[in-house]
Amino acid sequence: MQVSETGLDDPQVCALLEMHQRDMHAISPPGTSFALDLTGLAGPEITLFACREGGALAAVGALKQLSPHHAEIKSMRADPQYRGLGAGRAALEAIIERARTQGVRRLSLETGTSEDFAAAIALYRKYGFAQGDAFAGYTNGPHNQCYHLDL
């Protein structure tokens with residue numbers, strides 16, 4: 001699988017991101033999903049990544065710069081037909097590597113707490129993310145939790 005920067009000018013990327021947002025709203029109680037829409041992913045603080053297998057889009061993810069030394073992972077999503085095949089792992093590795101090269105010292109994310117998020121949480125934990133304090137206006141609670149990786 002190959003991971004590279006991408007943009008919102010790619011209709012496949014936009015379709016997968018829109019599916020991600022719809023799904024997050026469908027499985028999360030009202031007011032507890034913070035998945036960004038395409039407008040939220042268009043800012044200069046966002047770097048989008050696409051993971052492709054043989055040219056087909058397998059996964060997307062984003063790195064949001066919060067400060068010079070703190071960044072957030074947003075919009076991690078594997079296409080359903082690529083789940084369990086390493087697409088999410090490849091995207092996550094690319095995001096972590098980019099964060100390191102940009103001088104990020106702490107990489108954070110917010111995610112849900114239900115079983116729907118178990119596979120993603122297992123992936124993050126495998127890479128050393130640990131559950132921790134809320135950040136960037138999020139709150140930890142029965143439906144939301146934050147994870148951090150010190151780089």
Side-chain angles (χ1 to χ4, degrees), residues 1-28 32-114 116-132 135-138 144-151:
M1 297 203 185
Q2 296 182 320
V3 181
S4 61
E5 276 191 45
T6 191
L8 295 174
D9 55 342
D10 183 325
Q12 289 180 321
V13 168
C14 290
L16 187 55
L17 289 167
E18 288 172 332
M19 181 192 77
H20 172 68
Q21 187 186 32
R22 282 191 308 272
D23 190 41
M24 292 299 97
H25 284 291
I27 65 173
S28 302
T32 64
S33 174
F34 299 100
L36 294 176
D37 62 12
L38 296 181
T39 302
L41 291 166
E45 71 282 4
I46 303 281
T47 304
L48 287 170
F49 296 87
C51 175
R52 297 186 187 277
E53 175 73 20
L57 183 63
V60 293
L63 180 66
K64 180 178 182 181
Q65 199 75 34
L66 301 174
S67 74
H69 301 292
H70 190 195
E72 177 182 8
I73 294 175
K74 296 295 291 180
S75 301
M76 284 285 296
R77 181 57 164 228
D79 184 284
Q81 66 184 350
Y82 289 96
R83 286 193 185 142
L85 300 177
R89 183 183 73 238
L92 181 59
E93 288 174 357
I95 291 169
I96 292 170
E97 182 57 30
R98 176 60 62 85
R100 278 191 177 112
T101 63
Q102 289 180 190
V104 170
R105 293 184 193 142
R106 179 168 247 209
L107 190 54
S108 301
L109 63 96
E110 178 278 333
T111 191
T113 59
S114 73
D116 295 304
F117 298 94
I121 292 166
L123 176 65
Y124 296 133
R125 285 184 180 204
K126 179 180 177 183
Y127 280 83
F129 283 83
Q131 193 171 8
F135 69 99
Y138 297 116
N144 302 84
Q145 58 188 330
C146 296
Y147 284 81
H148 308 280
L149 176 65
D150 291 328
L151 301 176

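Values below: all heavy atoms of this structure, side chains included; hydrogens, waters and symmetry mates excluded. Residues take their numbers from the sequence shown, with the count starting at 1.
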R83, CZ atom: more than 12 neighbouring heavy atoms under 6.0 Å: yes
Heavy atoms, side chains only, cut-off 4.5 Å: are L107 and F129 in contact? yes
Look at atom CD of E45 and say whether more than 12 heavy atoms of other residues, nucleotides or ligands are closer to it than 6.0 Å. yes
Restricting to non-hydrogen atoms, name the atom on H69 and the atom on G103 that form the minimum distance, rounded to 0.1 Å. ND1-O, 3.1 Å
Rounded to the nearest 0.5 Å, what's the gap from CD1 on I73 to CG on L63? Could you check? 7.5 Å
I'd like to know whether S4 forms a side-chain contact (heavy atoms from CB on, under 4.5 Å) with Q2, so could you lay out the CA-CA distance, the side-chain angles of the two residues, the decisive distance to 0.1 Å, and finally the verdict. CA-CA 7 Å; S4 61; Q2 296 182 320; over 6 Å; no
Looking at D9 and P11, what are the two nearest heavy atoms and their distance? O-CD, 3.3 Å
Can you check whether R106 reaches F135 side chain to side chain, under 4.5 Å on heavy atoms? no
Could you check if a side-chain atom of V3 sits within less than 4.5 angstrom of a side-chain atom of E93, using non-hydrogen atoms only? no
R52 side chain reached by L57 side chain, heavy atoms, under 4.5 Å: yes
Gap between atom OG1 of T32 and atom NE2 of H25 - 0.5 Å precision: 9.5 Å
Intermediate values then yes/no, side-chain contact (heavy atoms from CB on, under 4.5 Å), M1 and R89: CA-CA 10 Å; M1 297 203 185; R89 183 183 73 238; over 6 Å; no
Would you compute the distance between atom OH of Y138 and atom CG of N144 and round it to the nearest 0.5 angstrom? 9.5 Å
dist R98:CZ -> Q65:CD (nearest 0.5 Å) comes out at 10.5 Å
Tightest non-hydrogen contact, residues A59 and G88, listed as CB-N, 4.3 Å
Quick one: CD on E97 to CG on L92, what's the gap to the nearest 0.5 Å? 11.5 Å
Is there a side-chain contact between L36 and Q21 (heavy atoms, below 4.5 Å)? no
For Q131 versus Y147, what's the shortest heavy-atom pair and its separation? N-CD2, 3.3 Å
Just how far is it from atom CD of Q102 to atom OG1 of T47, taken to the nearest 0.5 Å? 5.5 Å
Which residue in the set K64, E72, H70 passes side-chain hydrogen bond (donor to acceptor under 3.5 Å, both in side chains) when paired with S108? H70
Given M24 and F34, is the side-chain contact (heavy atoms from CB on, under 4.5 Å) satisfied, shown in steps? CA-CA 8 Å; M24 292 299 97; F34 299 100; over 6 Å; no
For the residue pair R77 and D23, establish whether any side-chain heavy-atom pair is separated by less than 4.5 Å. yes
Donor-acceptor contact below 3.5 Å, side chain Q145 vs main chain G112: yes
Work out which heavy atom in S75 is nearest to a heavy atom in H20; give both atom names and the distance. CA-NE2, 3.7 Å
Can you confirm whether L41 sits close enough to L17 that some side-chain heavy atom of one is under 4.5 Å from a side-chain heavy atom of the other? yes
Heavy-atom pair of closest approach, residues M76 and G61: SD-CA, 3.9 Å
Side chains of I96 and L151: closer than 4.5 Å at any heavy-atom pair? yes
